[in-house]
Amino acid sequence: MDFLFILEFLVAFLIRLWLCLSDYKQVISDRVEISTPLNSWKRVTEGVVLYEEGTDPYIGDMFHETPIALIAFHWMIHNIPRWLNIVFITCDLLSAFLLYKAAKQCMKLLMDRQTREKAGYAEEVEKLLLTEQELSSAPMYVLAAYLFNPYTILSCAAHTTTVFANLGLAVFFCSMLHGHLLVCGFSLALATLQSLYPASLIVPAALLAAQSGGARSSASARVALLIVAFVVPLVGLLGACYHISGSWHFLHSTYGFILNIPDLRPNVGLFWYFFTEMFEHFRPLFICAFQLNASLLYVSPLALRLYKEPPLLAASLTALSAIFRSYPSIGDVGFYLALLPMWKHLFHYMQQGFVVGCFFLVTSVLAPVLWHLWIYCRSANANFYFGVTLAFATAQIFLITDILFAYIKREFALKNGLQRTIDGEEAKLILE
């Protein structure tokens, strides 16, 4: 197992390094599915150049990272320019390792919960129970799903800042599952500082902290500590951004850019096409509707249903924000896809896996083809490309709803058993 573990990292490192050093890097970096106005490394370098020349990089519509990120990227570009490939690859591999550790802890928590609730399960549900083999296999699947996912590989090769966003989320998941509340809150503050949407993950983190606290007073104290560990660093980081920038003008170019969607360049999301076709006087209404859908709409209902499974709730919210955010990229998609093998025991109940897989494959191939036909050959139009992005988003929605329904079906079967009667005749659920 140790040899296989090291071999996976070595192969993943070589794949990423080859792409970073190859002639394909520029082509990959220019793909709209990979680089967006928020994560493009080209825009980062232009913002750094403006900063060096004494020009405010937040004037105009080019740079949208926070002032703290600006200082960090400025240091990277001028002090370790030859090591940028290694930095991005190392961060990506570190994200994979943290998700592996998070998966191991998640399987342990699932096994502990199964042990506690096993007395209340129905008879003849042994096939549904977690086994010791799954404790070791699921983390390896998570590791492979991140290291060898084309979406994360291409995002790393393009030097998108999504690599650092994924690292922050990986630290959050790992620290949340291990109960390190201070690290959990701080990492979530960093992720929220970059893109706002991860703020909703405070809900599953608080639920898990409360459930791990034991007595009510202890649970309340842990939740309070988590919230303080999230809010105080976030306020401090915003204050540091103000100190670096000298004004609050950066808020308009960072969070205002995310919320108002002024740049309608095509991407794998849904915002760009709708707001291209939108009448201007309807724009504020639909901005509010779309942003609520991306950030807050699903938090309460999912939290009420998945309060016993905070890790699954966190993964679901991460996936939904990756689908519905204003400027998504395939790097965001690759991150939450790597989380799903933690619940491989639910795959027996999923009914749309083949359809979803075909959708992912077809849309991933057709997107660059239709982009070329639209932009270069001029034999297609925006409707063709949006059709692919719409199908891509639909496939993701089917995937998330399918795994959530699978969780509900498994919970029902554990409590009520596998046997049923249909029209007076006995019927039994058979798992393959």
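It should be emphasised that the depicted structure is a prediction, and the values quoted were computed from it without experimental measurement.
Between the Ser155 side chain and the Thr152 main chain, no donor and acceptor come within less than 3.5 Å of each other. Side-chain N or O atoms of Arg16 include none that pairs as donor or acceptor with a backbone N or O of Leu93 at under 3.5 Å. Arg222 places a side-chain N or O within donor-acceptor distance of the main-chain N or O of Ala209, the cut-off being under 3.5 Å. Of the possible donor and acceptor atoms, one in the side chain of Thr90 sits under 3.5 Å from a partner among the backbone N and O of Ile86. Under a 3.5 Å cut-off, the side chain of Arg283 and the backbone N or O of Asn260 do form a donor-acceptor pair. Here the side chain of Thr363 pairs a donor or acceptor atom with the backbone of Phe360 at under 3.5 angstrom. Under the 3.5 Å distance criterion, the side-chain polar atoms of Ser40 are left unmatched by any main-chain donor or acceptor of Pro37. Proximity of a side-chain donor or acceptor of Gln114 to a complementary backbone N or O of Leu130 within less than 3.5 Å is detected. Looking only at distances, a side-chain donor or acceptor of His178 sits under 3.5 Å from a matching main-chain atom of Cys174. Formation of a donor-acceptor pair under 3.5 Å by the Asn166 side chain with backbone atoms of Val163 is not found in this model.
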Self-check item: Stepwise side-chain hydrogen bond (donor to acceptor under 3.5 Å, both in side chains) test for Gln396 and Tyr336
Solution: CA-CA 10 Å; Gln396 296 178 75; Tyr336 80 78; 2.7 Å; yes
Practice problem: Carefully, step by step, assess Phe164 and Phe73 under the rule ring-ring contact (aromatic ring centres under 6.0 Å, His included). | Solution: CA-CA 11 Å; Phe164 304 113; Phe73 294 141; 5.8 Å; yes
Exercise. Just do the side-chain hydrogen bond (donor to acceptor under 3.5 Å, both in side chains) check on Tyr51 and Asp56 with the steps written out, would you?
Key: CA-CA 6 Å; Tyr51 174 73; Asp56 186 356; over 6 Å; no
Quiz item: Taking it one step at a time, do Asn39 and Tyr327 satisfy side-chain hydrogen bond (donor to acceptor under 3.5 Å, both in side chains)?
Solution: CA-CA 9 Å; Asn39 69 0; Tyr327 295 100; over 6 Å; no
Practice problem: Decide yes or no on side-chain contact (heavy atoms from CB on, under 4.5 Å) for Phe398 and Phe359, but give the supporting numbers first. | Solution: CA-CA 10 Å; Phe398 279 7; Phe359 265 66; 5.7 Å; no
Practice problem: Tell me, with the steps shown, if Tyr151 and Ser364 meet side-chain hydrogen bond (donor to acceptor under 3.5 Å, both in side chains). | Solution: CA-CA 10 Å; Tyr151 296 159; Ser364 298; 2.6 Å; yes
Practice problem: Take Phe9 and Phe5 through the ring-ring contact (aromatic ring centres under 6.0 Å, His included) test and state the conclusion after the steps. | Solution: CA-CA 7 Å; Phe9 274 97; Phe5 185 80; 5.1 Å; yes
Exercise. Test Leu373 against Phe384 for side-chain contact (heavy atoms from CB on, under 4.5 Å), laying out the working first.
Key: CA-CA 9 Å; Leu373 292 176; Phe384 288 73; over 6 Å; no
Self-check item: Steps toward side-chain contact (heavy atoms from CB on, under 4.5 Å) verdict (Thr254, Leu196)
Solution: CA-CA 10 Å; Thr254 53; Leu196 283 181; over 6 Å; no
Exercise. Step by step, work out the ring-ring contact (aromatic ring centres under 6.0 Å, His included) result for Phe405 and Tyr349.
Key: CA-CA 8 Å; Phe405 276 121; Tyr349 285 101; over 10 Å; no
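Distance check: Asn79 CG to Leu84 CG gives 10.5 Å after rounding to the nearest 0.5 Å. With rounding to the nearest 0.5 Å, the separation of NE2 in His159 from OG in Ser29 is 7.5 Å. Rounded to the nearest 0.5 Å, atoms CG (Leu50) and CD (Glu53) are 6.5 Å apart. For the atom pair CG (Asn267) and CH2 (Trp272), the distance works out to 8.0 Å, reported to the nearest 0.5 Å.
When side chains are defined from C-beta on, Phe230 does not count as touching Cys184, because their heavy atoms never get closer than 4.5 Å. Between Leu17 and Ile89, some side-chain heavy-atom pair lies under the 4.5 Å cut-off. Counting heavy atoms from C-beta on, the side chains of Ile153 and Asp92 never come closer than 4.5 Å. No side-chain heavy atom of Phe335 sits less than 4.5 Å from a side-chain heavy atom of Ser95. Looking at heavy atoms from C-beta onward, Gln351 lies in side-chain contact with Lys409 at the 4.5 angstrom threshold. Contact of the Phe250 side chain with the Cys241 side chain is registered, since non-hydrogen atoms from C-beta on lie closer than 4.5 Å. Residues Leu193 and Leu238 have side chains in contact (heavy-atom distance under 4.5 Å, counting atoms from C-beta outward).
Aromatic ring centres of Tyr141 and Tyr100 lie farther apart than the 6.0 Å criterion allows. Ring centroids of Tyr242 and Trp248 are separated by less than 6.0 Å, placing the two rings close together. Aromatic rings from Phe257 and Tyr58 are positioned such that their centres are separated by 6.0 Å or more. Trp371 and Tyr376 have their aromatic ring centers separated by at least 6.0 angstrom. Under the 6.0 Å cut-off for aromatic ring centres, Phe324 and Tyr197 do not qualify, their centroids lying 6.0 Å or more apart. The six-membered or imidazole ring of Phe290 lies near that of Phe271, with a centre-to-centre distance under 6.0 Å.
Salt-bridge annotation for Glu117 and Arg113: present, with a side-chain N of the basic residue lying under 4.0 Å from a carboxylate O of the acidic one. Salt bridge Arg116/Asp112: absent, no basic N to carboxylate O contact under 4.0 Å. For the pair Arg43 and Asp263, the salt-bridge criterion is met [side-chain N within less than 4.0 Å of a carboxylate O]. Taking a cutoff of 4.0 Å between a charged side-chain nitrogen and a carboxylate oxygen, Arg265 and Glu33 do not qualify as a salt bridge.
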